[in-house]
Asker: 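Please find one structure pasted underneath; my questions will follow.
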Amino acid sequence: MKKILVIGACGQLGTELTLKLRDLFGVENVIASDLREAVDLIKDGPYEQLDVMDKSRLDEVISTHNIDQIYHLAAILSARGEQNPMLAWDLNMTSLLNVLETGRDRISKIYWPSSIAVFGPDTPMVQTPQTTVMNPNTVYGISKLAGERWCEYYFQKYKVDVRSMRYPGLIGYKAKPGGGTTDYAVDIFWKAILDNSYECFLKPDTLLPMMYMDDAVKATIDLMQADPTALKVRSSYNISAMSFSPDMIYREICKRYPDFQIEYNPDFRQQIADSWPDSIADDQAREDWNWSPSFDLAKMTETMLDNLEVQLVSTK
Ligand code: NAD
Ligand code: SER
């Protein structure tokens with residue numbers, strides 16, 4: 001049996017994607033890997049401590065486990081990227097090129113996520129189209145746009161079956177986010193339950209595209225299972241689920257926690273958020289591989305609170 005390798009499996013997305021892939025394809029067929037030691041949720045299955053920057057070690061893991069598909073998720077996200085631009089560029093680019101080069105002859109399918117961060121201040125902000133002006137102005141966005149160009153290049157030049165989508169901000173309760181601008185939309189739930197108050201680093205009216213984790217995981221697996229001939233986009237697909245601002249999510253949480261307080265103290269992340277779209281047009285993904293989300297703001301908020309209340313009850 002050929003196997004799947006998840007790189008960056010201990011992160012916010014990797015944890016949940018690994019769990020779902022193991023559900024679908026069998027625990028023993030999904031090898032989780034990350035720079036750090038395995039987190040509890042994915043500890044029970046096969047695990048390799050792997051620095052994806054070390055290409056010979058990557059080759060070794062692929063050979064040892066007879067890897068056939070790779071989900072490459074390791075990256076430095078937008079906010080952390082601005083704090084160390086050279087490190088972000090190096091990790092985000094070198095790791096992708098290592099995976100693409102390694103994958104040329106031996107891997108049947110590669111997944112690599114891009115982001116709404118590929119767009120910038122010159123991009124049309126409302127219902128941003130699949131193909132438009134981009135001009136990102138964060139190191140993270142620049143690295144994701146360059147990554148998209150590399151993915152398309154490897155597909156056209158070497159027939160590497162690499163697939164990608166531009167996630168909006170991802171929201172889930174199983175793993176905490178790792179240094180993005182949209183992290184507030186996860187933190188706010190923890191603080192609502194634990195402290196009944198939250199200090200937000202974005203302004204109240206900052207509208208951003210967002211997605212609940214179950215939708216993101218489903219989209220990822222659906223794209224990887226889609227008929228390759230149906231996929232017209234080999235850079236990265238726009239996908240969309242909902243858009244909201246800090247004030248909108250605050251009001252939604254107040255429906256269950258009426259005394260919840262919020263204070264706004266915008267920092268350097270405001271400028272990053274202001275450069276990104278308000279909403280995304282995802283008609284191409286809907287047409288090519290039947291993408292459609294299941295969670296809106298109300299359903300996502302309810303699901304996050306239901307699950308986090310159970311999870312956090314012992315720590316309160
Ligand atoms: P994360 O920061 O939570 O996780 C990244 C993981 O990569 C971490 O566990 C980290 O230890 C690991 N890692 C870092 N350097 C590594 C290395 N050299 N070798 C191996 N592993 C290494 O990130 P995430 O939120 O899970 O994002 C996963 C992917 O999805 C990234 O490519 C990110 O750009 C993309 N994405 C995420 C979001 C989001 O909102 N979370 C939105 C758009 C795109
Ligand atoms: N959620 C990500 C970030 O804020 C977007 O790619 O960096």
Side-chain angles (χ1 to χ4, degrees), residues 5-18 31-39 41-42 47-55 57-58 61 70-84 87-88 90-96 98-99 110-119 136 138-148 151 164-172 174-187 201-202 206 208-213 215-217 219-220 236-241 268-277 280:
L5 176 66
V6 182
I7 301 170
C10 294
Q12 188 199 9
L13 171 64
T15 305
E16 300 217 28
L17 185 62
T18 300
I31 319 305
S33 74
D34 202 290
L35 196 55
R36 30 181 174 141
E37 278 179 27
V39 292
L41 280 172
I42 58 168
Y47 189 81
E48 289 279 358
Q49 210 161 348
L50 165 70
D51 180 353
V52 64
M53 302 293 272
D54 181 347
K55 191 165 176 299
R57 169 88 177 111
L58 174 63
V61 169
I70 297 178
Y71 290 74
H72 170 37
L73 311 178
I76 291 179
L77 280 77
S78 60
R80 271 192 64 212
E82 290 313 290
Q83 287 159 343
N84 198 337
L87 185 69
D90 194 25
L91 173 65
N92 296 0
M93 285 291 86
T94 307
S95 67
L96 174 60
N98 280 351
V99 170
I110 295 172
Y111 178 75
W112 171 84
S114 184
S115 159
I116 54 163
V118 292
F119 300 116
T138 62
V139 67
Y140 175 65
I142 297 168
S143 72
K144 288 293 183 186
L145 179 53
E148 289 189 7
C151 288
S164 176
M165 70 187 76
R166 296 166 178 157
Y167 295 125
L170 303 182
I171 301 161
K174 290 186 187 157
K176 284 203 158 181
T181 303
T182 57
D183 292 10
Y184 92 84
V186 178
D187 298 341
F201 56 76
L202 296 180
T206 311
L208 284 171
M210 301 278 186
M211 182 175 287
Y212 185 58
M213 191 58 85
D215 274 337
V217 167
T220 306
S236 192
Y237 278 97
N238 273 9
I239 54 162
S240 164
F268 72 100
R269 290 168 280 194
Q270 184 65 46
Q271 205 183 348
I272 300 177
D274 288 343
S275 76
W276 291 350
I280 299 285

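All heavy atoms count here, side chains included; hydrogens, waters and symmetry mates do not. Numbers here simply count residues along the sequence, with the first being 1. This is a predicted model, so every value here is computed, not measured. When a ligand or atom number is given, it counts from 1 through the structure's own listing order.
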Asker: May I ask you to list the atoms of ligand 1 that are less than 4.0 angstrom from any heavy atom of S114?
Answerer: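 Ligand 1 atoms under the 4.0 Å threshold to S114: 43 (C), 44 (C).
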Asker: Can you find an N/O atom of R36 closer than 3.5 Å to an N/O atom of ligand 1?
Answerer: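 Yes, R36 has an N/O under 3.5 Å of an N/O on ligand 1.
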Asker: Which atoms of ligand 1 have any heavy atom of L73 under 4.0 Å away?
Answerer: 28 (C), 29 (C), 31 (C), 32 (O)
Asker: Checking contacts here: is it the side chain or the backbone of S78 that comes within 4.0 Å of ligand 2, counting heavy atoms only? Could be both or neither.
Answerer: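 For S78, backbone and side-chain atoms both sit under 4.0 Å from ligand 2.
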Asker: Among all protein heavy atoms, pick out the one at the shortest distance from atom 4 (O) of ligand 2; state its residue, atom name and that distance to 0.1 Å.
Answerer: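 Closest protein heavy atom to atom 4 (O) of ligand 2: T181 N, 2.6 Å.
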Asker: Could you tell me whether ligand 1 has any atom less than 4.0 Å away from a heavy atom of R80?
Answerer: no
Asker: Under 4.0 angstrom from ligand 1, any heavy atom of A216?
Answerer: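 No, that is not the case, since the closest heavy atom of the residue is not under 4.0 Å from the ligand.
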Asker: Which heavy-atom pair separates A88 from V139 by the least distance, and what is that distance?
Answerer: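 Where A88 meets V139 most closely, the heavy atoms are CB-CG1, 4.0 Å.
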Asker: So with a 6.0 Å cut-off around CZ of R57, is the heavy-atom count from everything else above 12?
Answerer: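 Above 12, so yes.
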Asker: Could you list which atoms of ligand 1 come closer than 4.0 Å to a heavy atom of D51?
Answerer: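 So the atoms of ligand 1 that pass are 17 (C), 18 (N), 19 (N).
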Asker: Which atoms from ligand 1 have a heavy atom of G169 less than 4.0 Å away?
Answerer: 40 (O)
Asker: Of all heavy-atom pairs between S114 and E148, which one has the smallest distance, and what is that distance?
Answerer: OG-OE2, 2.7 Å
Asker: Should you measure from each heavy atom of Y140, which atoms of ligand 1 turn up under 4.0 Å away?
Answerer: 33 (C), 34 (O), 35 (C), 36 (N), 43 (C), 44 (C)
Asker: Given S115, P168, G180, which has its nearest heavy atom closest to atom 42 (C) of ligand 1?
Answerer: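 Result: the heavy atom closest to atom 42 (C) of ligand 1 is in P168.
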Asker: W112: heavy atom below 4.0 Å from ligand 1, yes or no?
Answerer: no
Asker: Which residue from S143, G81, A74 reaches closest to atom 7 (O) of ligand 1 through any of its heavy atoms?
Answerer: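 The nearest heavy atom belongs to A74.
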Asker: For atom 6 (O) of ligand 2, grab the closest protein heavy atom and report residue, atom and distance to one decimal in Å.
Answerer: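 The closest one turns out to be S115 OG, 2.6 Å.
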Asker: With a cut-off of 4.0 Å, which atoms of ligand 1 are near a heavy atom of L91?
Answerer: 15 (N), 18 (N)
Asker: Would you mind running through ligand 1 and noting each atom that sits below 4.0 Å from a heavy atom of A75?
Answerer: 31 (C), 32 (O), 34 (O)
Asker: Pull out every atom of ligand 2 sitting under 4.0 Å from any heavy atom of W276, numbered as shown with elements.
Answerer: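 Ligand 2 atoms under the 4.0 Å threshold to W276: 3 (C), 4 (O), 5 (C), 7 (O).
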Asker: Do ligand 2 and Y167 have nitrogen or oxygen atoms that lie under 3.5 Å from each other?
Answerer: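 Such a contact does not occur with ligand 2.
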Asker: With a cut-off of 4.0 Å, which atoms of ligand 1 are near a heavy atom of L50?
Answerer: 19 (N), 20 (C)
Asker: Pull out every atom of ligand 2 sitting under 4.0 Å from any heavy atom of L77, numbered as shown with elements.
Answerer: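 Matching atoms, with element in brackets: 2 (C), 7 (O).
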Asker: Of the listed options (L35, D34, V118, I116), which comes nearest to atom 10 (C) of ligand 1 when hydrogens are ignored and any heavy atom counts?
Answerer: D34
Asker: Can you tell me the protein heavy atom closest to atom 1 (N) of ligand 2 and the distance?
Answerer: T182 OG1, 2.6 Å
